[in-house]
Structure formats: structure tokens, C-alpha cells
Amino acid sequence: MPELPEVETVRMGLQPVIEGHRFTHVLTRRGDLRVPFPKNFVKRLTGREVTRLWRRAKYLLADLNAGETLIIHLGMSGRMSVFTEGRERNLGRYVYEAAPSEAGHGKHDHVVFETDAPARIVFTDPRRFGLMTILKTGALNDTALFKGLGIEPLSEEFDSAYLAKVLSGKKTPIKAALSDQRVIAGLGNIYVCEALFRARTSPKRLAKQVSLKSAAALVTTIKAVLRDAIKAGGSSLRDHKRVDGALGEFQHHCAVYDREGRPCPNNCRGVVKRIVQSGRSTFYCPKCQK
DNA sequence: CCATTAACCTGACAGC
DNA sequence: TGCTGTCAGGTTAATG
């Protein structure tokens, strides 16, 4: 479900009630998500202060004042809800609801955190493709989760020279290359489709056949589409919501994603087509994406 | 080594 | 109402 903009939206919503605050209570309702919770998960969090809440690729990372970092991945259907205890509060740009007593008791509410903000944070994940673990802060880049991750697409280092270089040897379609977390970390199905559309590049074109000019255009469109999506609070096609329950708005700005059969917004008189690549839907305009 | 596919799991929706 | 089949913002083990 969540790609970089959705995870970033969740991060910004959690920040005021997590960063600089302590976990007063932590509760897990089952032994695992996609993988088991690590040993002493609750114990290693309880009483700890989060010094920094940040993001790498589609992972949320909460650095603890104990040399460890809580890692959260939302998988396809994972969601975070924030309730402030007692009354409605306005912290930052979000208005958080007071926690009804049943908050955190839903069928798919698997983890409940309470912080001294005070706030109750509920992790809900029907499909359980999400993941939570705890790793040593100083050694994150040596772990299996982070070792192979590619560049952050919103970083300065992500430029046309980088993209051209990583695409040059690949005979896989550009759609698959851009979706590969080892190449660029954080893009997923929606934003790859949208960036390719904006760059007028066919998703079927082989990565090594992407011209230098197209690679430069892709860098620009990838950054732009991610920034636009973050500004819109992400895309709410089914599961994604902000931590206060509000929906993201970017799906209304999508040119091609989930728009099979509709006219191409470039007014080229083409029609948006859906194909399957690497087992996932790709949406594009066959007329203006070459 | 590289690239594609199947599997993980539940819910929503379309069609009969 | 209820069945069946399909699909979903991701990752990864197995397979070719």
C-alpha cells in the first residue's frame, strides 16, 4: 500500500506525539506480523524516549535513547492512528481525536503504543505484510533490511548521472528497474506509473534503452511527483489514511494510475491502457509514452 | 549473478 | 444472500 509519500505522511503525523516523548506502554496483540516481533520487543521500548523519527525508503525509524532503533514497515495495508488522551488536541498541522476506550481493540489492531505526549498510537494491518523490529542504531546499514537499499529519490545525490548509470546495464523494462528498491528506494507502483507518464517514457522500454535525456526527465518527474504526493497527503486508494483518519488526496491528481480506459490527460486522444509487468498492473498512455 | 513468478494474508468488489 | 474469481500502495524465497 504505502509508498514513500504515504510513509512520509504518516511520519509527519506521528512526529509531534513521538519525537521527544517516551513510550509509557506498549502492547502487541500477536506474536508476529510478516516476521516475528524481536525478543523483548515491549521491554526494549517501554520507558524509552524517541530522539528522532525519520524515514528510509518505505521504513519508519524511531531512534531510542538506548542505542537502538524501532523499525516499522506498513506493508500493503498497514496504518497508524493517533488518539490523544482526554481531549482533542492540535499539535502541528494535525488535529488528533481523543481516544475512545475501544481505540486499539479492532480486529486487526496488532500493536498499541502509548506515549507521554500523551497519545495512543494504534497500528492496524489487515493483511499483516507489515513488519516491526528493533536494531542497533549504529549498525543499521549492515543489516539485511537496509544493506541493499538504493538511493533516496528526494536526495541531492539522485540526479541524471546516477540514474543513467544504474539503468545502463539493465535489460529489464524501465518500470521494473524503477520499482526495484535496490535501485531507487521508496518508489512503488503508483508513483513509477505517474513518473513514467510525466516523462513520456513507455514502461515497456528496456532500462538500458532509456536515453540520457529521458533519464534526466525521469529524475525531474520522480522528484516532482513525490513532492506533489507528499503535499497532497499521499494517495488513498483503499487503505491509506493520515494518522488523524483524513484521506490523502493525490489519487485525484493521478494521470494514469487506476484510470484504465480513460482519455490521456495530455489530450493526445490516446486512451490509458492497463498491462501486467512483473505480476503488477502498469497504467500508461501508449500514444504519448515512447 | 540476474530476472521473473509465486507466496505471504485479508477484504472489497464484480459477476453469476 | 452467497458463492467464485480477481485484484490491491510490498517484499522475498524459490525458480529458471
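Predicted model only: the values in this text are computed from it and were never measured. Each chain gets a letter, A, B and so on, in the order its sequence line appears, and its residues count up from 1.
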Answer with yes or no whether the side chains of A/Q15 and A/Y94 bring together a donor and an acceptor at under 3.5 Å.
-> no

Ion pair present between A/R242 and A/D244, side-chain N to carboxylate O less than 4.0 angstrom?
-> no

Could you tell me whether the phosphate oxygens of B/dG11, OP1 or OP2, come under 4.0 Å of any side-chain nitrogen or oxygen in A/H108?
-> yes

Does a nitrogen or oxygen in the side chain of A/K171 sit under 4.0 Å from OP1 or OP2 of B/dC2?
-> no

Considering only heavy atoms and no angle criterion, is a donor-acceptor pair shorter than 3.5 Å present between the side chain of A/R34 and the base of C/dG10?
-> no

Enumerate the residue pairs fulfilling side chain to side chain donor-acceptor pair (under 3.5 Å) with a member in residues 214-233 of chain A, sequence neighbours excluded, ordered by first and then second residue.
-> A/R198-A/D228, A/S211-A/S214

Between A/R127 and A/L145, whichever has its closest DNA chain C nucleotide further toward 5' is A/R127

When you measure from the side chain of A/T172, which nucleotide among C/dT11, B/dT5, B/dA3 comes out closest?
-> B/dA3

Does OP1 or OP2 of C/dA8 have a side-chain N or O of A/S281 closer than 4.0 Å?
-> yes

For A/T282, which of A/R274, A/K273, A/K175 qualifies under side-chain hydrogen bond (donor to acceptor under 3.5 Å, both in side chains)?
-> A/K175

Centres of the A/F250 and A/Y257 rings: under 6.0 Å?
-> no

Stems involving DNA chain B, each a run of at least 3 consecutive Watson-Crick or G-U pairs under 3.5 Å = B:2-8 with C:10-16, B:10-16 with C:2-8

